[in-house]
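To start, the structure under review is shown below, and the notes come after it.
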Amino acid sequence: MRVLVTGATGFVGSELVPALREAGHDVVAMTRDASTYAPPDGVDVIEGDLLEPESLSLPDGIDAAYYLVHSLETGDSFADRDRRAAENFVEAADAADVDRTIYLGGLGEAGDELSEHLKSRQEVEAVLDSGDVDLTTLRAAIIVGDGSASFRMVRQLVDRLPVMIAPRWLHTECQPIAIDDVVAYLVGVLERPETAGNTYEIGGPEILTYRDMLEKTAAILGKRRYIIPVPVLTPRLSSYWVEFVTDVPKAISRPLILGLKNPVVVTDASIEEIITLDKTSFEDAVRRAFASESGE
Ligand SMILES: NC(=O)c1ccc[n+]([C@@H]2O[C@H](COP(=O)([O-])OP(=O)(O)OC[C@H]3O[C@@H](n4cnc5c(N)ncnc54)[C@H](OP(=O)(O)O)[C@@H]3O)[C@@H](O)[C@H]2O)c1
């Protein structure tokens, strides 16, 4: 199949593009600046900025387009930018007669309690679904891999803080998933046409609290960490010390931390009836992320 990957240069896109090539697909990768992107052999590259509709010209003959774009790094206006980017993509995809769109969004129950970031991911899903093109959405919680901003926060907190004050959100449940498994699901739904038009939740084999994740990551790093409970610490206050301790830019860490109050676990595992995976444990995913980070 001929496949367009938007967000090809990002954490997920840069793993998906070679996997699609390996699976035998023709890949067209989109970036705002082709001079900064070294694609794998055989991948065509197009430039396009989804916030500049006049810069968008999708090639004909695209069987499916992956939507892996977000603009958290731009700060407070990210929700507005992500909505506009998705609207422009829908128009361009409709005009180019794209057959399917596959979107990787976020887990989390819809409702007033949902953080701005997770609400925005769901808004993008609704916008992408408003066009003529069939949408498949995969919703995921934190993705564990080298290059994931959310996992980088976990890793650096563990690495740099011998004693951690434990806010309430450390008890929130989450279902992290390995990047390899996310890529396997993304490629898998492309090859299963019956998934067009449907939304699926994807997660790893374990439901963990953020505290579990910090403790397991510390154990893998061979570090002893002390966690002291402080029930009144809010996500907003936590975001200040995460900014202080990690090198994840404030614009990215703050919306992610504010989302930690929301449980993000799979409530509908119907994807498992369609795509069978031997899912990667959290500990194996962390070890692979560390190995990739150190170039092994
Ligand atoms: N990372 C996680 O833990 C996680 C968890 C759950 C779901 N997801 C979802 O997975 C998807 C991909 O996330 P990621 O972590 O891979 O993101 P990322 O590393 O931040 O990459 C974002 C991508 O968006 C592209 N982009 C940004 N603004 C653009 C614009 N105006 N026009 C065109 N492209 C633009 C960037 O491409 P250029 O800079 O090359 O233009 C970049 O490749 C998102 O939908 C995210 O919500 C991620």
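Residue numbers run from 1 in the order of the sequence given. Both ligands and their constituent atoms are indexed starting at 1 by order of listing.
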- ring-ring contact (aromatic ring centres under 6.0 Å, His included) contacts in which one or both residues fall within residues 89-110, not counting sequence neighbours: Y67-F89
- Query: Rounded to the nearest 0.5 Å, what separation is found between the CG atom of L4 and the CD1 atom of I46?
  - Reply: 5.5 Å
- Query: After noting the C-alpha distance and the side-chain angles of L138 and V189, does the key distance pass the side-chain contact (heavy atoms from CB on, under 4.5 Å) rule?
  - Reply: CA-CA 9 Å; L138 296 180; V189 292; 4.1 Å; yes
- Would R211 and E215 pass as an ion pair if we require N to O under 4.0 Å? yes
For ligand 1, output the ligand-protein N/O contacts shorter than 3.5 angstrom; if there are none, return none.
from     : atom 1 : to   : atom 2 : distance (Å)
ligand 1 : 3 (O)  : I143 : N      : 3.1
ligand 1 : 3 (O)  : S150 : OG     : 3.1
ligand 1 : 16 (O) : F11  : N      : 3.2
ligand 1 : 16 (O) : V12  : N      : 2.8
ligand 1 : 17 (O) : H70  : NE2    : 3.4
ligand 1 : 19 (O) : F11  : N      : 2.8
ligand 1 : 28 (N) : R32  : NH1    : 3.4
ligand 1 : 31 (N) : D49  : OD1    : 2.9
ligand 1 : 32 (N) : L50  : N      : 2.9
ligand 1 : 37 (O) : T9   : OG1    : 3.3
ligand 1 : 39 (O) : R32  : NH2    : 2.8
ligand 1 : 40 (O) : T9   : OG1    : 2.6
ligand 1 : 40 (O) : T31  : OG1    : 2.6
ligand 1 : 41 (O) : R32  : N      : 2.8
ligand 1 : 41 (O) : R32  : NE     : 2.7
ligand 1 : 43 (O) : G7   : O      : 3.3
ligand 1 : 43 (O) : T9   : OG1    : 2.7
ligand 1 : 43 (O) : G10  : N      : 3.0
ligand 1 : 45 (O) : L104 : O      : 2.8
ligand 1 : 45 (O) : R121 : NH1    : 2.7
ligand 1 : 47 (O) : R121 : NH1    : 3.1

- Message: Using only atom types and a distance under 3.5 Å, with no angle test, would you say the side chain of S281 pairs donor to acceptor with the backbone of D284?
- Response: yes
- Item | Cationic N near anionic O, under 4.0 Å, R152 to D146 | no
